[in-house]
Amino acid sequence: MTNDNTQPAAAPAPRIAILGGGPGGYEAALVAKRLGADVTIVERHGFGGSTVLTDVVPSKTLIATAEWMALGGAAAELGIRINDESGTETQTISADLKAINARIRSLALTQSEDIAHRLVSSNIRTIHGQGRLVSAKEIAVTGITDTVGKPQPDEVISADYIIVAVGAAPRVLPTAQPDGERILTWTQLYNLSELPKHLIVVGSGVTGAEFAGAYHALGTEVTLVSSRDRVLPGEDADAAELIEDVFRTRGMHVMSKSRAKAAAVVGEGEDKHVEVTLEDGRVVTGSHVLMAVGSVPNTQDIGLEEVGINTSPSGHVVTDKVSRTSVNGVYAAGDCTGVFPLASVAAMQGRIAVAHALGDTVRPIKLRSVAANIFTAPEIATVGYTQEQLEKLDMRYTITKLPLRVNPRAKMMGARAGFVKLFSRTESGTVVGGVIVAPRASELIYPITLAVSHRLTVDDVADAFTVYPSLTGSIAEVARMGHQITEG
């Protein structure tokens with residue numbers, strides 16, 4: 001009798017290949033590595049994707065700078081006097097756009113490099129190149145370069161599972177081709193060295209409203225061209241109405257029901273300007289135009305059709321609640337799926353895809369618990385059901401709302417515009433949604449997000465202590481307003 005002490009060979013680590021290095025891609029890569037997978041991630045521009053390099057990080061940095069300008073403009077009301085070096089009192093504050101944009105580009109690049117370093121230090125293979133699916137198990141990569149830009153041989157990456165996270169890009173109108181100087185997409189704004197004298201913003205959705213507000217705060221004359229009857233047409237009506245009123249009060253030109261047809265650069269030298277032609281024949285003249293007319297997924301020519309992956313008429317990858325595509329073993333995450341164009345949602349989709357592929361605990365994405373924010377001044381934060389959605393449901397609901405101007409902390413800050421609004425079930429008091437319009441609404445929405453996610457009641461929210469004075473005090477107060485008196 002012989003003893004065989006030979007141990008069975010360990011199963012090879014599952015291989016995951018990720019196409020796209022934005023939040024949906026790099027978050028998936030990090031989670032997959034922690035779960036023991038062999039991970040390769042392919043990115044054509046820079047890790048962090050457009051979120052870090054040309055979209056969220058740059059735009060929110062610009063907006064944060066604009067906030068300082070707005071605070072400076074309100075200094076006199078708070079009793080603050082600004083003096084120049086000679087001691088002469090002045091209220092003049094100016095923005096150096098060249099310095100602002102240099103800081104923005106540097107910050108974005110540093111963030112991208114930090115993400116790349118984290119991937120490499122986690123033993124994740126990173127490839128800089130253009131990827132294309134050639135099967136449900138293979139990605140062909142061309143145009144590969146090393147860390148110093150030296151060309152490398154083309155390569156085919158084999159994997160057990162593939163995650164597509166290629167993001168989206170600004171939509172471009174054939175009649176308003178960007179030139180990077182006068183006709184701009186939001187990715188091109190950070191190359192400007194001087195503030196536009198008069199910026200025309202075409203599109204009053206989230207992107208258009210954010211940039212219109214930021215550039216106006218920096219000192220630029222702004223005309224916001226909206227094809228709908230109000231700005232932010234997809235948002236809470238009360239919040240959108242308030243923001244439009246704030247825009248107009250601050251001196252922004254808002255053109256409602258004005259659909260842009262074309263944009264062109266006219267003139268030479270000092271007379272050079274842009275003309276935006278509207279469908280009704282009117283012409284709006286300015287120094288620059290920002291085309292903020294939506295985005296399109298980067299799904300063209302990456303092999304989706306050849307592999308058999310279903311896409312929507314808009315070109316978005318069709319996925320289910322665990323990020324699966326129509327092809328077994330291929331997942332998708334982020335803006336290329338058209339779910340919610342939010343970095344937080346992209347990251348969650350990527351993490352869910354990895355968990356499902358590798359057999360870990362999977363919690364399907366719940367869009368009702370997604371908190372979103374619009375970085376205007378004041379900010380608009382939302383979570384859960386909207387009022388419009390509730391009106392279509394067979395549900396009895398209660399709305400409680402409190403204006404920000406009655407909050408003591410808001411009075412101290414000089415903040416008047418805004419409100420807190422809660423939606424709850426009439427019978428149970430369960431919180432099903434909320435809207436906050438206030439400074440730093442992006443931070444204030446979290447307790448309402450917890451309430452929606454964990455099905456808390458208005459009484460649960462009201463019973464929690466808040467600091468006095470604080471803006472969160474208004475959340476508790478609005479919750480108390482929703483209390484239902486029980487008989488007995």
Side-chain angles (χ1 to χ4, degrees), residues 58-59 62-63 65-70 72-73 91-101 104 170-173 175-228 230-232 243-294 375-377:
S59 66
L62 176 74
I63 290 166
T65 304
E67 287 177 355
W68 281 102
M69 291 289 292
Q91 288 294 315
T92 301
I93 304 174
S94 62
D96 182 347
L97 191 63
K98 183 177 182 180
I100 291 170
N101 280 340
I104 289 172
R171 177 170 169 251
V172 174
L173 299 182
T175 53
Q177 290 291 323
D179 61 6
E181 295 181 1
R182 297 277 180 168
I183 302 176
L184 306 156
T185 68
W186 64 79
T187 67
Q188 298 170 327
L189 286 169
Y190 311 108
N191 294 320
L192 295 178
S193 58
E194 295 182 355
L195 277 174
K197 293 181 179 179
H198 183 180
L199 177 66
I200 303 168
V201 179
V202 175
S204 64
V206 174
T207 301
E210 287 185 344
F211 278 113
Y215 268 87
H216 190 265
L218 290 173
T220 293
E221 181 182 359
V222 174
T223 296
L224 180 58
V225 178
S226 173
S227 63
R228 308 288 284 275
R230 60 176 170 84
V231 302
L232 299 170
I243 290 299
E244 180 167 339
D245 183 61
V246 167
F247 281 173
R248 293 182 186 276
T249 300
R250 291 174 179 169
M252 187 186 301
H253 313 293
V254 181
M255 301 179 64
S256 303
K257 297 181 180 180
S258 302
R259 185 177 296 275
K261 180 180 180 181
V265 179
V266 178
E268 297 291 339
E270 294 184 357
D271 294 327
K272 183 178 286 188
H273 62 278
V274 295
E275 292 183 352
V276 175
T277 303
L278 307 182
E279 286 192 347
D280 61 9
R282 288 177 295 165
V283 176
V284 185
T285 302
S287 62
H288 299 72
V289 59
L290 167 63
M291 302 300 298
V293 290
F375 290 84
T376 47

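Note that the structure is predicted; figures quoted are calculated from it, not measured.
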Exercise. Do Leu278 and Val283 pass the side chain to side chain contact (heavy atoms under 4.5 Å, CB included) test, and can you show the C-alpha distance, the side-chain angles, and the key distance before you say yes or no?
Worked result: CA-CA 6 Å; Leu278 307 182; Val283 176; over 6 Å; no
Problem set entry | Heavy atoms of other groups near Arg228 CZ, more than 12 under 6.0 Å | no
Exercise. Cut-off 3.5 Å, side chains only: do His253 and Glu221 have a donor facing an acceptor?
Worked result: yes
Seminar exercise, completed: Closest heavy-atom pair, Leu232 versus Ala209, reported as atoms and distance to 0.1 Å, is CD2-CB, 3.8 Å
Exercise. If only atom types and distance count, is the side chain of Thr249 paired as donor or acceptor with the main-chain N or O of Asp245 below 3.5 Å?
Worked result: yes
For this session: Go through Val201 and Thr223 one step at a time and tell me if the side chain to side chain contact (heavy atoms under 4.5 Å, CB included) criterion holds.
Result: CA-CA 6 Å; Val201 179; Thr223 296; over 6 Å; no
For this session: Return the set of residues passing side chain to side chain contact (heavy atoms under 4.5 Å, CB included) with Ala214 (not counting sequence neighbours), or none when no residue passes.
Result: Leu62, Ile63, Ala66
Problem set entry | Non-hydrogen atoms of Leu224 and Gly203 that approach each other most closely | CD1-O, 3.5 Å
Problem set entry | side chain to side chain contact (heavy atoms under 4.5 Å, CB included) between Trp68 and Leu218, worked out | CA-CA 9 Å; Trp68 281 102; Leu218 290 173; over 6 Å; no
Exercise. So, for Ile183 and Ala176, which heavy atoms are closest and what is the spacing to 0.1 Å?
Worked result: CG2-O, 3.9 Å
Validation: residues 257-276 side-chain donor-acceptor distances under 3.5 Å, sequence neighbours left out:
residue: Ser258; atom: OG; partner: Ser256; partner atom: O; Å: 2.9
residue: Ser258; atom: OG; partner: Arg282; partner atom: NH2; Å: 2.9
residue: His273; atom: ND1; partner: Asp271; partner atom: O; Å: 2.8
residue: His273; atom: NE2; partner: Glu275; partner atom: OE2; Å: 3.4

For this session: Report yes if some heavy atom in the side chain of Val289 is under 4.5 Å from a heavy atom in the side chain of Met291; otherwise report no.
Result: yes
Scan the side chains in residues 186-197 for donor-acceptor partners under 3.5 Å anywhere in the protein, sequence neighbours excluded, and list what turns up.
residue: Thr187; atom: OG1; partner: Thr185; partner atom: OG1; Å: 2.9
residue: Gln188; atom: OE1; partner: Thr185; partner atom: N; Å: 3.0
residue: Tyr190; atom: OH; partner: Ser59; partner atom: N; Å: 3.1

For this session: Determine, stepwise, if the pair Val284 / Met255 fulfils side chain to side chain contact (heavy atoms under 4.5 Å, CB included).
Result: CA-CA 10 Å; Val284 185; Met255 301 179 64; 3.8 Å; yes
For this session: Report yes if the side chains of Tyr215 and Leu97 come closer than 4.5 Å at any heavy-atom pair, otherwise no.
Result: yes
Exercise. Does Thr65 have any side chain to side chain donor-acceptor pair (under 3.5 Å) partners at least two apart in sequence or in another chain, and if so, which?
Worked result: none
Exercise. Does the side-chain hydrogen bond (donor to acceptor under 3.5 Å, both in side chains) test come out yes or no for His288 and Glu181, once each step is laid out?
Worked result: CA-CA 8 Å; His288 299 72; Glu181 295 181 1; over 6 Å; no
For this session: Check whether any side-chain heavy atom of Leu173 sits under 4.5 Å from a side-chain heavy atom of Val293, and report yes or no.
Result: yes
Seminar exercise, completed: Sorted by chain and number, sequence neighbours left out, salt bridge (Lys or Arg N to Asp or Glu O under 4.0 Å) with Glu244 holds for Arg248
Exercise. What residues form a side chain to side chain donor-acceptor pair (under 3.5 Å) with Ser204, not counting sequence neighbours?
Worked result: Ser226
